[in-house]
Amino acid sequence: MTAPSASGRFITLEGIDGAGKSSHIDALAAWLRDHGHEVVVTREPGGTELAERLRELVLHAPMDALTEVLLVFAARRDHLVHAIEPALAGGATVLCDRFTDATFAYQGAGRGFDLDILAGLEDWVQRGRQPDLTLWFRVAPATAAARRAAARSPDRFESQGQDFFERVDSGYAARRVAAPQRFAELDAGADRAAVWAQIEAALVQRGWG
Ligand code: TYD
């Protein structure tokens with residue numbers, strides 16, 4: 001068991017819908033707690049009362065692309081100020097199911113929204129805050145589509161076609177190229193135990209286990 005650091009670490013989980021990231025987040029939180037970390041589990045859009053209300057709108061209300069971007073970043077701002085930054089300052093490890101890479105992947109690559117505007121909003125809203133580690137659950141869009149078909153009724157993103165998710169995947173790939181040391185790419189097409197082994201390896205490699 002290693003001693004937790006004074007300032008907490010910020011870990012994000014990313015991937016296209018159906019990649020399976022949500023099914024690992026609780027196990028990851030438990031593993032980190034076993035290794036001496038205080039852990040806060042949260043998600044985007046969401047994570048505060050206001051941001052969860054914005055999430056409901058983003059996922060279900062029809063809107064244009066700019067409105068969608070502004071609501072996602074408004075939710076992120078509230079989440080950072082009231083949840084993520086205080087938790088990190090208190091020494092907790094924050095596990096966040098999606099963050100700004102999702103905006104570049106979904107709104108940027110998926111919807112075709114201007115990447116320079118997204119980068120400006122990223123700077124403005126985050127003031128330099130970036131994840132310390134991003135676990136990218138990468139799966140073939142066709143595999144993810146088959147998994148989604150077996151799941152619950154789709155939201156505005158989950159109902160998109162495979163070409164949309166091909167673009168989202170390339171959006172994640174571009175973010176990885178821009179920040180290779182931050183990203184751990186996982187083969188999320190593997191079975192559950194094999195995906196978990198890759199998650200554990202990424203943390204141990206960083207000396208966090
Ligand atoms: P998701 O995280 O997959 O939650 P659930 O497992 O409950 O469906 O759903 C959130 C959706 O929001 C997902 O389809 C991606 C989308 N999203 C964006 O389009 N942009 C963003 O910046 C974020 C954080 C999420």
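Numbering starts at 1 and runs along the sequence shown. Whatever order the structure lists ligands and atoms in, that order sets their numbers, starting from 1.
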request  = Please identify each residue that fulfils side chain to side chain donor-acceptor pair (under 3.5 Å) with R206, with sequence neighbours left out.
outcome  =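 By the side chain to side chain donor-acceptor pair (under 3.5 Å) rule, R206 matches no residue at all.
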Which of the ligand 1 atoms, numbered from 1, are nearer than 4.0 Å to a heavy atom of [X]:
| X | result |
| --- | --- |
| E158 | 8 (O) |
| E44 | 24 (C) |
| D17 | 3 (O), 13 (C), 14 (O) |
| K21 | 2 (O), 3 (O) |

inquiry  = Are F99 and R76 packed together at the side-chain level, in the sense that at least one heavy-atom pair is separated by less than 4.5 angstrom?
reply    =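 Contact flag for F99/R76 side chains = yes.
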ask   = Starting from atom 19 (O) of ligand 1, which protein heavy atom do you reach first, and at what distance in Å?
value =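 The closest heavy atom on the protein side is Q107 NE2, 2.9 Å.
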message = To check your reading of the model: name the closest protein heavy atom to atom 5 (P) of ligand 1, its residue, and the distance in Å.
response =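 Nearest protein contact, heavy atoms only, for atom 5 (P) of ligand 1 is R152 NH2, 3.4 Å.
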ask   = T48 pairs by side-chain contact (heavy atoms from CB on, under 4.5 Å) with which of L80, I84, D78, V81?
value =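 So, applying the side-chain contact (heavy atoms from CB on, under 4.5 Å) to T48 and each of L80, I84, D78, V81, only D78 qualifies.
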Quick one: does ligand 1 sit under 4.0 Å from the side chain of [X], the backbone, both or neither, non-hydrogen atoms only?
| X | result |
| --- | --- |
| T103 | both |
| E68 | neither |
| L59 | side chain |
| R55 | side chain |

message = Once rounded to the nearest 0.5 Å, what's the spacing between atom CG of D116 and atom CG of L121?
response =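 Atom-to-atom, D116:CG and L121:CG are 11.0 Å apart.
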query = Of E14, Q130, R175, Q126, which is the lone residue that meets side-chain hydrogen bond (donor to acceptor under 3.5 Å, both in side chains) with T100?
reply =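 The single option meeting the side-chain hydrogen bond (donor to acceptor under 3.5 Å, both in side chains) with T100 is Q126.
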task = Would you mind finding which of H79, R76, R98, R148 brings a heavy atom closest to atom 15 (C) of ligand 1?
result =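 Selected option, by shortest heavy-atom distance: R98.
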ask   = For the side chain of R192 and the backbone of S23, is there at least one donor-acceptor N/O pair under 3.5 Å apart?
value =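 Present.
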key: Pairs touching residues 60-70 that satisfy side chain to side chain donor-acceptor pair (under 3.5 Å), sequence neighbours left out   =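 Non-adjacent pairs meeting side chain to side chain donor-acceptor pair (under 3.5 Å): D64-T67, E68-Q107, E68-R111, E68-R156.
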